[in-house]
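Take a look at the structure set out below.
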Amino acid sequence: MRFSLTFLSTILLVALAAPPLLMAQDSIPRCTTVEPANGKVGTEFVVTGENLSKDTVAKLYLTDGTTDIEVPMSEQSATTIKAKIPNSAKVGERYKLMILTKGKEPKLIEQPVRFEIE
């Protein structure tokens with residue numbers, strides 16, 4: 001099968017002119033640390049990572065794999081989230097953080113970061 005140079009040039013131009021949204025992937029939020037790593041109900045903690053802004057992250061949760069507890073966020077930036085341990089968290093429980101993403105198809109993503117309630 002032979003293609004003309006004009007045909008191949010046209011295909012290349014169309015591919016290069018494609019809108020960036022068709023070629024870009026969504027930014028996936030990722031938590032890398034939480035400070036402090038433990039605390040009592042009401043303790044403020046700071047999550048650091050990437051893609052954590054209000055445009056990307058809709059909600060933050062503590063999860064034990066069975067029960068998910070929404071954590072109100074007080075501040076958000078691209079690299080940090082500040083929040084307080086809610087009253088519904090159980091003393092002695094070691095929770096993972098979980099994020100609900102924004103977008104056309106929101107996703108719950110468990111993070112490899114844990115927080116222990118004292």
Side-chain angles (χ1 to χ4, degrees):
M1 180 187 277
R2 286 183 57 180
F3 294 105
S4 71
L5 185 57
T6 305
F7 177 75
L8 292 174
S9 297
T10 303
I11 295 295
L12 180 60
L13 286 174
V14 169
L16 292 175
L21 292 177
L22 294 177
M23 299 172 88
Q25 293 181 352
D26 291 336
S27 300
I28 298 172
R30 184 172 74 105
C31 299
T32 54
T33 62
V34 60
E35 291 290 329
N38 53 32
K40 298 178 181 195
V41 168
T43 299
E44 184 175 80
F45 62 94
V46 178
V47 178
T48 56
E50 49 191 49
N51 302 313
L52 301 176
S53 71
K54 291 180 182 182
D55 295 335
T56 310
V57 176
K59 293 184 180 185
L60 177 67
Y61 296 91
L62 296 176
T63 184
D64 62 8
T66 304
T67 305
D68 303 332
I69 302 168
E70 185 175 346
V71 179
M73 298 178 286
S74 57
E75 293 181 36
Q76 261 181 284
S77 74
T79 57
T80 61
I81 295 175
K82 287 186 181 179
K84 285 187 179 181
I85 301 171
N87 293 334
S88 53
K90 295 178 186 176
V91 174
E93 189 70 48
R94 192 164 182 238
Y95 293 99
K96 274 189 172 180
L97 295 179
M98 185 168 61
I99 289 174
L100 176 64
T101 63
K102 285 190 172 178
K104 290 182 182 180
E105 296 179 28
K107 293 174 180 52
L108 284 168
I109 305 172
E110 269 191 40
Q111 301 296 307
V113 179
R114 294 185 180 266
F115 192 91
E116 188 170 352
I117 311 302
E118 297 176 335

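- In this structure, Glu44 CD and Lys84 NZ are separated by 6.0 Å, a value rounded to the nearest 0.5 Å.
- Remark: Tyr95 pairs with no residue by the ring-ring contact (aromatic ring centres under 6.0 Å, His included) rule, at least two apart or across chains.
- For the pair Val47/Val113, no side-chain contact is recorded, criterion being any heavy-atom separation below 4.5 Å from C-beta on.
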Please table the atom pairs, donor to acceptor, closer than 3.5 Å between any side-chain atom in residues 28-39 and protein atoms at least two apart or in another chain.
{"residue": "Arg30", "atom": "NE", "partner": "Glu50", "partner atom": "OE2", "Å": "3.4"}
{"residue": "Arg30", "atom": "NH2", "partner": "Glu50", "partner atom": "OE1", "Å": "3.4"}
{"residue": "Thr32", "atom": "OG1", "partner": "Thr48", "partner atom": "O", "Å": "3.2"}
{"residue": "Thr33", "atom": "OG1", "partner": "Thr48", "partner atom": "OG1", "Å": "2.2"}

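- Under the 3.5 Å distance criterion, the side-chain polar atoms of Thr101 are matched with a main-chain donor or acceptor of Lys107.
- The minimum heavy-atom distance between Pro72 and Ala83, with the atom names listed, is O-CB, 3.4 Å.
- Rounding to the nearest 0.5 Å gives a distance of 13.0 Å between CZ of Arg94 and CG of Leu62.
- Side chain of Lys102 to main chain of Lys54: a donor-acceptor pair is present (N/O by atom type, distance under 3.5 Å, no hydrogens or angles).
- Contact of the Ile81 side chain with the Val46 side chain is not registered, since no non-hydrogen atoms from C-beta on lie closer than 4.5 Å.
- Under the 3.5 Å distance criterion, the side-chain polar atoms of Gln76 are matched with a main-chain donor or acceptor of Leu52.
- As a member of the Ile/Leu/Val/Met/Phe/Trp/Tyr network built from side-chain separations under 4.5 Å, Leu108 groups with Tyr61, Met98, Leu100.
- Shown here for Ser88 and Ile69, the closest heavy-atom pair between the two residues is OG-CG2, 3.1 Å.
- In terms of modelled atom types and a separation under 3.5 Å, the side chain of Gln111 and the main chain of Ile109 share a donor-acceptor contact.
- A distance-only check finds no donor-acceptor pair linking the side chain of Thr43 to the backbone of Ile85 [under 3.5 Å].
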